[in-house]
Amino acid sequence: MALTEEQDKRLAEWMKKAQGGDKAAYDCLLREAAQLLKRYFVSRAESNEAADDLMQETLVSVHRARHTYMSGRPFAPWMYAIARRRLVDHWRSRSRTVPCDVLDETLDWMDKRESPAGEAGESIRETLSFLPENQRRVVELLKVDGLSIKETARELDLSIAAVKVTAHRAYERLRKALKKNKIGNQ
Amino acid sequence: MIDDLVKDLRPVRPVWPIGVRMAAWVGVAVAAAMGLLMAVSVRRDLDLVLRSGRLLIDAGTVMLMALTAAWGALRLSIPGEEKAWAHKYLPFGILGFWLVFSIVQIAFDAIQAGARALIPDPHLACALLVAGAGTLLTLPIGLLIRGAAPLEPRWCGALAGMAASSAALVGVELICVFERPAHFGFYHVIPVTLFTALGAWLGPKLLPTLLEK
């Protein structure tokens with residue numbers, strides 16, 4: 001993560017020129033920054049794909065915030081501050097879906113159990129039918145449609161906290177139902 | 001993607017240095033305070049106030065809080081500055097001192113004058129002026145923060161709220177004629193604290209972050 005003084009100066013110089021509209025300097029800056037950011041995220045993200053996504057998102061943020069870089073100051077702390085926030089945001093959004101791990105596991109288990117194609121989907125729907133309407137809608141949007149908690153909250157006109165609570169209750173109920181079902185099948 | 005970003009490149013005016021942004025906000029705050037004092041005249045016994053140690057400590061603390069909070073909010077709106085813990089915590093340390101100082105003053109007053117010292121002199125105008133002038137002063141600092149790139153909008157919001165309400169209170173304290181500690185605690189300290197909390201709540205909603213996709 002540490003940049004040599006020379007490297008930092010070079011990036012700072014390119015950024016200064018980019019603020020003035022120099023596209024060639026900006027191209028050099030983004031290419032070198034991309035490499036640095038990739039290296040930064042690879043050891044911190046859960047996969048190579050996630051590292052790539054984070055790198056690209058950070059480059060977009062750097063682009064949007066380029067007016068806040070103050071020439072004469074080191075470039076690295078500025079860029080890595082943005083990268084760090086991106087990473088924190090990434091982990092935060094992932095942690096919001098952590099309770100879903102329970103459901104992921106159960107869905108995986110069901111997929112394995114219901115091997116004939118198409119039956120898994122039916123089985124998921126059947127399982128979800130155990131749930132009250134409000135809980136079922138939340139789980140469907142989160143886990144079947146793949147919406148984020150924020151998007152689900154917006155879709156259902158609920159608060160984020162309400163979505164989390166509803167999802168948590170749904171997962172608990174599902175876990176109990178599946179456990180009972182599993183024991184019954186054995 | 002890099003090609004797209006390069007294609008999208010337009011010249012930008014770098015954000016003003018922090019000193020310039022701070023001077024701009026202080027200028028607005030002083031102008032607002034002058035306007036307030038012209039609208040509502042300064043208390044006549046101001047010379048007495050200037051001789052009272054307690055009132056001077058109170059006014060000095062509020063002024064210091066306004067300046068450090070504004071400085072912190074403006075610095076934190078620049079990426080890479082959020083690790084400078086003093087900018088975050090110093091204003092809250094001063095707020096903490098002010099709270100303790102006010103509570104101690106109320107307690108002393110209660111010991112000397114009895115339980116009635118715990119009842120604040122009712123003067124809602126103080127709280128309303130702090131809220132009104134605070135809202136007015138939040139606008140310029142909010143614009144300065146929005147013009148940068150706050151990575152921690154909650155902190156920036158809280159500090160901006162604290163700076164604006166404290167600056168408003170500096171003006172209010174030149175007008176307010178009630179001196180009992182209970183009045184200070186209820187109509188001065190609580191509004192500033194609430195305004196700070198409000199800023200922390202509204203910060204993420206009103207200040208854009210680079211994390212927005």
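Proteins get letters first, then strands, A, B, ... in listed order; numbering begins at 1 in each.
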- So what's closer than 4.5 Å to chain B heavy atoms on A:Ala33: side chain, backbone, both or neither? neither

- Contact origin within B:Asp8 toward chain A - heavy atom pairs under 4.5 Å: both

- Query: Near A:Lys9 NZ, under 6.0 Å, is it more than 12 heavy atoms from other residues, nucleotides or ligands?
  - Reply: no

- Given side chains that start at C-beta, do those of A:Gln19 and B:Arg13 come closer than 4.5 Å, heavy atoms only? no

- Item | Sub-4.5 Å side-chain heavy-atom contact between B:Leu5 and A:Asp27 | no

- Item | A:Arg73 portion near chain B, given a 4.5 angstrom heavy-atom threshold | side chain

- Note on the structure: For B:Val6 and A:Tyr26, the nearest pair of non-hydrogen atoms, with its separation, is CA-CD2, 3.9 Å

- Task: May I ask you to test the A:Met70-B:Ile18 pair for a side-chain heavy-atom distance under 4.5 Å?
- Result: yes

- Item | Contacting region of B:Arg10 [heavy-atom separation from chain A under 4.5 Å] | both

- Item | Nearest non-hydrogen partners of B:Ala149 and A:Ala65, listed with the distance | CB-CB, 4.0 Å

- Taking atom CG of B:Asp4 and atom CG of A:Leu30, what is their separation to the nearest 0.5 Å? 11.0 Å

- Query: Between B:Pro79 and A:Trp78, what is the shortest heavy-atom contact and its length?
  - Reply: O-CD1, 3.4 Å

- Query: Just wondering, are more than 12 heavy atoms of other shown residues or ligands nearer than 6.0 Å to NZ in A:Lys38?
  - Reply: yes

- Query: Would B:Leu151 and A:Arg84 satisfy side-chain contact (heavy atoms from CB on, under 4.5 Å), going step by step from the backbone distance to the final call?
  - Reply: CA-CA 10 Å; B:Leu151 291 175; A:Arg84 202 166 38 243; over 6 Å; no

- When heavy-atom pairs shorter than 4.5 Å are enumerated against chain B, which of A:Ser71, A:Pro77, A:Gly21 gives the highest number? A:Gly21

- Message: Are more than 12 heavy atoms, taken from residues, nucleotides or ligands other than B:Phe186, located less than 6.0 Å from that residue's CZ atom?
- Response: no

- Of all the heavy-atom pairs spanning A:Ala34 and B:Ile2, show the shortest one and how long it is. CB-CD1, 4.1 Å

- Task: Ignoring hydrogens and angles, tell me if any N or O in the side chain of A:His67 forms a donor-acceptor pair with the backbone of B:Gly147 under 3.5 Å.
- Result: yes

